[in-house]
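Convention: sequence-line order gives letters A, B, ...; per-chain numbering from 1.
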Protein chains: 2
Amino acid sequence: MNLKQLSDHLGLSQTTVSRALNGYPEVSESTRERVQLEADRVGYRPNARARGLATGRAQAIGHVLPVSAQHEMVNPVFGDFIAGAGETYLKSNYDLQLSLVPDGEEEAAYRRLATTGTVDGIIVHGPRMDDPRIGLLHELGLPFVVHGRASNEALPYSWLDVDNYRAFHRATQFLAELGHRKIALINGLEFMDFAHRRRQGYLSALEAAGITPRDDLMSSAEMTEVNGHHAMRDMLNRPDPPTAVLTSSLILAIGARRALDEAGLQLARDVSIITHDDDLSYLRNGQDEAIFTATRSSVRDAGRIVAEMVLERIDVPDAPPRTVMMEAELIIGRSTGPCPTP
Amino acid sequence: MNLKQLSDHLGLSQTTVSRALNGYPEVSESTRERVQLEADRVGYRPNARARGLATGRAQAIGHVLPVSAQHEMVNPVFGDFIAGAGETYLKSNYDLQLSLVPDGEEEAAYRRLATTGTVDGIIVHGPRMDDPRIGLLHELGLPFVVHGRASNEALPYSWLDVDNYRAFHRATQFLAELGHRKIALINGLEFMDFAHRRRQGYLSALEAAGITPRDDLMSSAEMTEVNGHHAMRDMLNRPDPPTAVLTSSLILAIGARRALDEAGLQLARDVSIITHDDDLSYLRNGQDEAIFTATRSSVRDAGRIVAEMVLERIDVPDAPPRTVMMEAELIIGRSTGPCPTP
DNA sequence: GTGAAAGCGCTAACAT
DNA sequence: ATGTTAGCGCTTTCAC
């Protein structure tokens with residue numbers, strides 16, 4: 001059933017029906033009601049492409065993920081984030097288009113998005129420290145918001161980020177205050193902006209605590225279970241192993257834990273690891289020196305906010321960029337077991 | 001730059017340019033070349049909405065995820081799956097639309113997808129045992145493929161699934177053969193089809209081994225870290241704790257491990273847990289009784305295949321349904337440590 | 001081999 | 001308050 005059929009059926013013009021359905025004021029209440037009722041009855045839905053062609057809007061937002069290095073997608077965080085964004089889109093009647101862009105084809109992909117007009121705005125995921133995408137998007141004139149930041153980008157742009165620097169600074173500081181001097185960092189790829197910032201936070205806290213950073217206690221690799229395992233195992237096998245560890249993701253932590261298991265070490269008393277869940281009660285039993293970053297619901301909030309931000313930018317294309325910094329939660333359960341002699 | 005401008009520029013009609021660009025045979029080689037070259041030079045891209053309106057095709061596939069119970073999205077597996085699907089779409093020039101559908105609004109959402117015409121086909125995620133969506137999609141006449149199955153659905157339909165029954169049967173059997181009699185199952189929500197099948201596999205293996213299933217060794221809940229922790233902790237606190245455990249996802253396993261850590265138990269010698277990674281070398285060191293289900297690359301393959309399946313169904317709408325069963329990998333490293341006396 | 005013209009289903013400017 | 005008409009940018013008959 002299309003608009004023509006519906007309007008013929010009602011004995012009205014397409015225009016009137018369209019106006020009635022889209023809430024234009026010049027339609028009489030009685031006809032609007034009649035139209036709405038009939039539309040509901042027959043289950044009429046305007047064709048999105050036709051409407052888009054007429055209005056020049058796609059009513060869709062593109063989420064663009066770099067995909068060869070899987071650091072982003074695999075991250076459980078992505079699921080929560082996208083769920084939050086989806087909520088916003090649902091409310092605003094936008095569709096969510098997911099673009100998986102292989103490394104190296106980025107520029108082409110963005111240009112394509114801009115010119116084919118399948119989306120009205122874009123969310124940039126997984127920004128690197130040096131990220132050419134932001135300049136490109138500026139040039140293309142497509143409204144966009146970045147989830148994260150690109151440290152070396154001078155142009156102003158809208159972003160939402162977690163304060164990675166501060167989170168890792170505080171986490172490291174906490175471990176240092178517990179007496180640890182050999183604190184390891186198992187990080188993601190450090191050309192990724194978030195990972196870089198985390199490292200900076202870690203380093204600055206070490207420095208503040210008068211601890212000299214050791215290369216053999218820092219690892220940087222794609223965030224997979226295997227890499228977490230390798231990194232942890234290698235560190236434990238070297239002369240002067242760490243007494244505490246920070247990992248940069250749940251997935252790395254899983255691998256790291258396995259290595260600890262194999263070495264006969266127990267998390268509760270020997271290391272600290274970052275986790276990610278909403279209900280923290282199970283961390284508060286005093287057994288863990290657990291460090292916590294982003295709760296699932298906060299990630300979801302982030303998704304929701306970012307989505308709202310693009311929609312705003314679409315409405316007001318030349319509004320000044322907005323930036324949102326989210327604070328990571330840092331929840332700590334003190335160890336009841338003996339703290340390993342640092 | 002649109003078609004009209006481009007053709008004016010070339011001194012040709014829109015028709016000819018369109019034909020040249022779309023590979024129609026009646027265009028002379030020389031003009032085709034000239035057109036193509038110029039199109040590339042100015043970066044011409046046809047407007048997707050206009051083309052869609054003219055052809056009646058959206059060139060997009062919808063992936064529909066139920067979203068109130070997060071079992072699907074949060075699963076790291078989803079990332080790999082969607083990456084695989086994305087690969088296929090990229091090759092075939094399709095877009096990927098993600099629909100996050102809140103529980104309860106499913107029917108409306110599917111009807112909307114079918115009538116607004118934003119997608120040409122659909123991938124159904126997270127099927128439940130009784131899933132009304134399949135009947136609905138049949139009725140709507142929209143090509144679709146299910147990732148997973150709906151056990152209680154009588155109608156034929158295309159699906160791709162992992163053999164969950166077999167995987168858990170074999171895993172349980174293996175543990176039983178090691179001498180375990182108290183094998184726990186920490187499962188997802190069992191109205192979800194995959195979880196139900198896993199439980200059936202577990203139960204059948206117990207029966208075959210002459211082990212009476214115990215309710216207190218079976219848990220079923222949303223797949224979150226907290227739930228994994230609770231389930232494991234509760235089991236360990238009860239009179240007759242398990243000597244081996246099967247968990248239904250990485251996330252549950254993380255929580256379960258934490259509970260084990262807290263109880264001073266070590267994975268390597270006390271339990272077995274399902275994991276998920278591509279590089280299994282680190283499991284083969286003889287320390288783990290690890291049970292492994294889906295490698296990341298196999299999940300990616302699954303995504304790729306499912307995407308191909310919808311595209312096929314779009315091309316040949318009344319082809320008989322195709323079904324693909326994937327075998328879960330089962331990789332086991334024998335424990336070198338003492339096997340706990342069951 | 002190329003072009004003119006109709007039309008995909010809708011919205012919006014312009015009547016009335 | 002309702003209708004007429006002209007597009008949106010493309011593909012696709014149909015004519016030449």
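One can place NZ of B:Lys4 at 13 Å from C1' of C:dA5, the figure rounded to the nearest angstrom. Rounded to whole Å, atom C1' of C:dT11 lies 15 Å from atom CG of A:Leu6. For the pair B:Leu3 CG and C:dG3 C1', the interatomic distance rounds to 13 Å; values are reported in whole Å. Residue B:Arg49 contributes atom CZ, which lies 12 Å from atom C1' of C:dC10 at whole-angstrom precision. Put simply, CG on B:Asn47 is 14 Å from C1' on D:dG7, counting in whole angstrom units. Between the P atom of D:dT2 and the CG atom of A:Leu21 lies a distance of 14 Å, rounded to the nearest Å. Between the CG atom of A:Leu10 and the P atom of D:dT2 there is a distance of 12 Å, given to the nearest Å. Here C:dA4 presents its C1' atom at 14 Å from CG of B:Asp8, a figure rounded to the nearest Å.
Considering only side-chain atoms of B:Leu53, the nucleotide from C:dT2, C:dC8, D:dG3 that sits closest is C:dC8. Here D:dT2 is the nucleotide among D:dT2, C:dC10, D:dT11 with the atom lying nearest to any side-chain atom of A:Leu12.
In this structure, CZ in B:Arg322 is found 7.5 Å from CD in B:Glu308, a value given to the nearest 0.5 Å.
Taking only distance into account, the side chain of B:Thr15 meets the base of C:dA4 through a donor-acceptor pair shorter than 3.5 Å.
Classification of B:Arg34 and B:Glu38 as a salt-bridged pair fails, no side-chain N sitting under 4.0 Å from a carboxylate O.
Evaluated for a ring-ring contact (aromatic ring centres under 6.0 Å, His included) with A:Phe78, the options A:His125, A:His147, A:His63 yield exactly one hit, A:His125.
Comparing B:Ala50 and B:Tyr24, the nucleotide of DNA chain D nearest to each residue sits closer to the 5' end for B:Ala50. Both B:Thr31 and A:Arg45 sit near DNA chain C, but only B:Thr31 has its closest nucleotide nearer the 5' end. With the nearest nucleotide of DNA chain C identified for both B:Gly11 and B:Ala54, B:Gly11 has the one nearer the 5' end.
Ring geometry for B:His138 against B:Phe144 counts as perpendicular: the plane angle is over 60°, on a 0 to 90° scale with 30° as the lower cut. Taking the six-membered ring where the residue is Trp, B:Tyr94 and B:Tyr89 present tilted rings, their angle falling between 30° and 60°.
In terms of phosphate contacts, B:Thr16 brings no side-chain nitrogen or oxygen within less than 4.0 Å of OP1 or OP2 of C:dG1. OP1 and OP2 of C:dA12 both lie 4.0 Å or more from every side-chain N or O belonging to A:Ser18. In this structure, A:Tyr44 reaches the C:dC10 phosphate: one of its side-chain N or O atoms is under 4.0 Å from OP1 or OP2. Phosphate contact (OP1/OP2 of D:dG9, side-chain N/O of B:Arg51, threshold under 4.0 Å): absent. Between B:Ser13 and C:dG3 there is a side-chain N or O to OP1 or OP2 distance below 4.0 Å. Contact annotation: A:Asn2 does not reach the phosphate of C:dC8 (side-chain N/O to OP1 or OP2, under 4.0 Å).
When heavy atoms are screened at a 4.0 angstrom cut-off, A:Thr55 is found touching the sugar-phosphate backbone but no base atom. Counting any heavy atom pair closer than 4.0 Å across all strands shown, B:Arg19 reaches a base atom.
Checked by atom type and distance alone, the side chain of B:Asp193 pairs as donor or acceptor with a backbone atom of B:Ser151 at under 3.5 Å.
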